[in-house]
Each structure stands twice: as structure tokens, then as C-alpha cells.
Amino acid sequence: LAGRFFDRKGGGMMKDFYRTYPQVALCGLNCLLCPMNIGGWCPGCGGGEGNQSCPRARCARERNIGDFCYLCEQYPCELYEGMGDYDSFVPTRRRGADLDRVRELGPETYVRELEEKRAILELLVGEWNDGRKKSFYTTAVYLLELDDLRHAVQQVTSLSTKEMSEKERAACMTQALQKIAEQQGLVLKLNKKQKRRSRGKHL
């Protein structure tokens, strides 16, 4: 329901949830790099129309703590327990570290970095994609440092030729990003929670 923010605890709704920096969530999630935001299904945390349901956002609004959870004297609280165990659309396990970086750099500087990362992600998906790399590129851009991403794009672009097929171009970029990740001990793969197998009924 566009423009409404579900309050699951009370069963009601919170409307008009706005923050100064909807590009990055109050918990540290990089909204600008999330497929939900890129696809237009979510405006980002505190972006008004189409806000997604979130207990941390409801808590922050009730406590009136400001734009980020680290401004709360109780951060990190029980709402953060187990939050980094599994990934969803993006590597949500990084939220705590990214929130620390927002505090270190300041929101404006951090958002500028995110905007450049978003531009790189759109470039990769639009020009270096064989139709099967969107999830990989999203994870890579989320996890790798901005300087490393710049270098990889620059390097692969300089080596590519017009004769290369779409598949070959995608493979070259993938290899370059994988190499950087391996050097840093990173795995460019979402850590998904395994679904429980349902037991069949025995008659």
C-alpha cells in the first residue's frame, strides 16, 4: 500500500515516514544499492511513498532519535540481534559496519560514495551484463570498496574490444571483480537462509 507504513506491533499504520537521508537506512542498509530501490518498489528508508515495513524504523520514529540508530543511547539494542546472520536482496550482514562508516564519514560524504557506487552498478548492469549478472554485480558493488570498483571498470574497459560478445564482456568484468574479492577474502555471493523442508503427513 503506497504511502503507508505498517506498524506490525500495534496493527495500525504509520504514514508519511520521511528522513533526511533515505539513500541509506537508519540501520545502515545501503538503500541506493538495493534492487528494491533500483526497481522502484521502495523509495529508501524514510522516503515517503512506498516505505517498507520495519520494526527499527517504527522504533526510531517513536523515540524520535533522528536519522540513524547510532544516535540512540540504547544502540545496538535487541532489534539488532541476529540481524546480520543472513542476506536478503543485498548483503544485509554489512549493516552494522556500514552504519559505523556513516558515523565516521558523516551522512553527506557517505551518500556521495553511494551515489557513485549506484552509477557504477547501473553501468555494469546496463553495459556489461549477459542477462545473468545483475545479482552478482549488486553484491560486488555493495561489498567492494569504491576505489577497487573504479579500478576494475577502468581496467576492463581499456582491455575490451568491439569484437567481444556480450557474454565475453560480462565474463571479463566478472573475473576482474572476483579477483579483487578473492584478494580481500570476500565471497561475492548472498548468504541466504536455508528453507526448512516440510515433512509430509503420514497416513
Side-chain angles (χ1 to χ4, degrees), residues 19-47 50-52 54 56-57 67-70 83-84 86-160 169-192:
R19 292 171 55 253
T20 307
Y21 301 100
Q23 303 94 330
V24 52
L26 51 86
C27 68
L29 180 73
N30 294 329
C31 297
L32 270 188
L33 305 181
C34 178
M36 289 289 287
N37 181 263
I38 294 170
W41 298 294
C42 176
C45 180
N51 281 293
Q52 304 297 304
C54 173
R56 284 167 289 279
D67 255 29
F68 297 99
C69 283
Y70 65 70
M83 194 177 72
Y86 304 102
D87 297 326
S88 55
F89 301 106
V90 289
T92 50
R93 60 186 181 271
R94 279 285 300 270
R95 280 182 285 189
D98 287 338
L99 193 55
D100 289 341
R101 188 162 171 77
V102 175
R103 177 161 42 184
E104 176 188 348
L105 297 178
E108 289 187 10
T109 300
Y110 190 80
V111 167
R112 282 198 297 270
E113 283 195 1
L114 280 189
E115 289 172 343
E116 188 170 349
K117 276 195 165 190
R118 171 70 172 257
I120 290 174
L121 178 56
E122 290 177 345
L123 174 70
L124 295 178
V125 173
E127 298 185 19
W128 298 88
N129 188 13
D130 60 1
R132 304 175 63 182
K133 296 293 188 295
K134 184 176 180 180
S135 178
F136 172 81
Y137 286 148
T138 300
T139 305
V141 172
Y142 204 106
L143 290 177
L144 297 180
E145 295 294 333
L146 181 56
D147 285 342
D148 291 329
L149 291 168
R150 289 178 184 142
H151 177 71
V153 171
Q154 217 171 25
Q155 183 183 48
V156 177
T157 300
S158 66
L159 296 174
S160 66
R169 286 168 56 82
C172 285
M173 187 62 73
T174 299
Q175 289 170 9
L177 296 172
Q178 283 280 25
K179 183 177 180 180
I180 294 171
E182 289 170 6
Q183 290 171 347
Q184 299 178 5
L186 295 173
V187 178
L188 301 184
K189 185 177 180 182
L190 295 178
N191 182 24
K192 290 286 191 177

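Between N37 and C42, the closest heavy-atom pair is ND2-O, 3.1 Å. Of all heavy-atom pairs between C45 and C31, the closest is N-SG, 3.5 Å. The shortest non-hydrogen separation linking L32 to I38 is O-CG1, 3.9 Å. The two residues D98 and G28 come nearest to each other via the heavy atoms CB-O, 3.5 Å. When every heavy atom of V125 is checked against every heavy atom of Y137, the shortest pair comes out as N-CD1, 4.1 Å. Scanning both residues, L190 and P91, for their nearest heavy atoms gives CD2-N, 3.7 Å.
Applying the side chain to side chain donor-acceptor pair (under 3.5 Å) rule to pairs touching residues 176-186 yields D148-Q184, sequence neighbours excluded.
Remark: R56 CZ to C69 SG distance equals 7.5 Å, nearest 0.5 Å. Considering OG1 of T174 and CZ of R132, their distance stands at 11.0 Å, rounded to 0.5 Å. Expressed to the nearest 0.5 Å, how far CG of L186 lies from OH of Y142 amounts to 13.5 Å. Atom CD of E104 and atom OH of Y70 lie 11.0 Å apart (nearest 0.5 Å). For the atom pair CG (L159) and SG (C172), the distance works out to 8.0 Å, reported to the nearest 0.5 Å. From L124, atom CG reaches atom NZ of K133 across 12.0 Å, with rounding to the nearest 0.5 Å.
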>> Using side-chain contact (heavy atoms from CB on, under 4.5 Å), reason through D67 and L26 one step at a time and then give a plain yes or no.
In response: CA-CA 6 Å; D67 255 29; L26 51 86; over 6 Å; no
>> Using side-chain contact (heavy atoms from CB on, under 4.5 Å), reason through L29 and V90 one step at a time and then give a plain yes or no.
In response: CA-CA 9 Å; L29 180 73; V90 289; 3.5 Å; yes
>> Walk me through whether E145 and L149 qualify under side-chain contact (heavy atoms from CB on, under 4.5 Å).
In response: CA-CA 6 Å; E145 295 294 333; L149 291 168; over 6 Å; no
>> Under the criterion side-chain contact (heavy atoms from CB on, under 4.5 Å), I'd like the reasoning laid out for R93 against L143: C-alpha separation, chi angles, the key distance, then a yes or no.
In response: CA-CA 10 Å; R93 60 186 181 271; L143 290 177; 3.6 Å; yes
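By the 6.0 Å and 45° rule, R103 does not stack over the aromatic ring of Y110.
S160 contributes a side-chain N or O that, together with a main-chain N or O of T157, makes up a donor-acceptor pair within less than 3.5 Å.
At a cut-off of 3.5 Å, with distance as the only test, no side-chain donor of R94 or N30 sits close to an acceptor on the other residue.
Salt-bridge annotation for E113 and K117: absent, with no side-chain N of the basic residue lying under 4.0 Å from a carboxylate O of the acidic one.
The environment of CZ in F68 is crowded: more than 12 heavy-atom neighbours from other residues, nucleotides or ligands sit within 6.0 Å.
Taking R150 as the reference, E116, D147 meet the salt bridge (Lys or Arg N to Asp or Glu O under 4.0 Å) condition, with sequence neighbours excluded.
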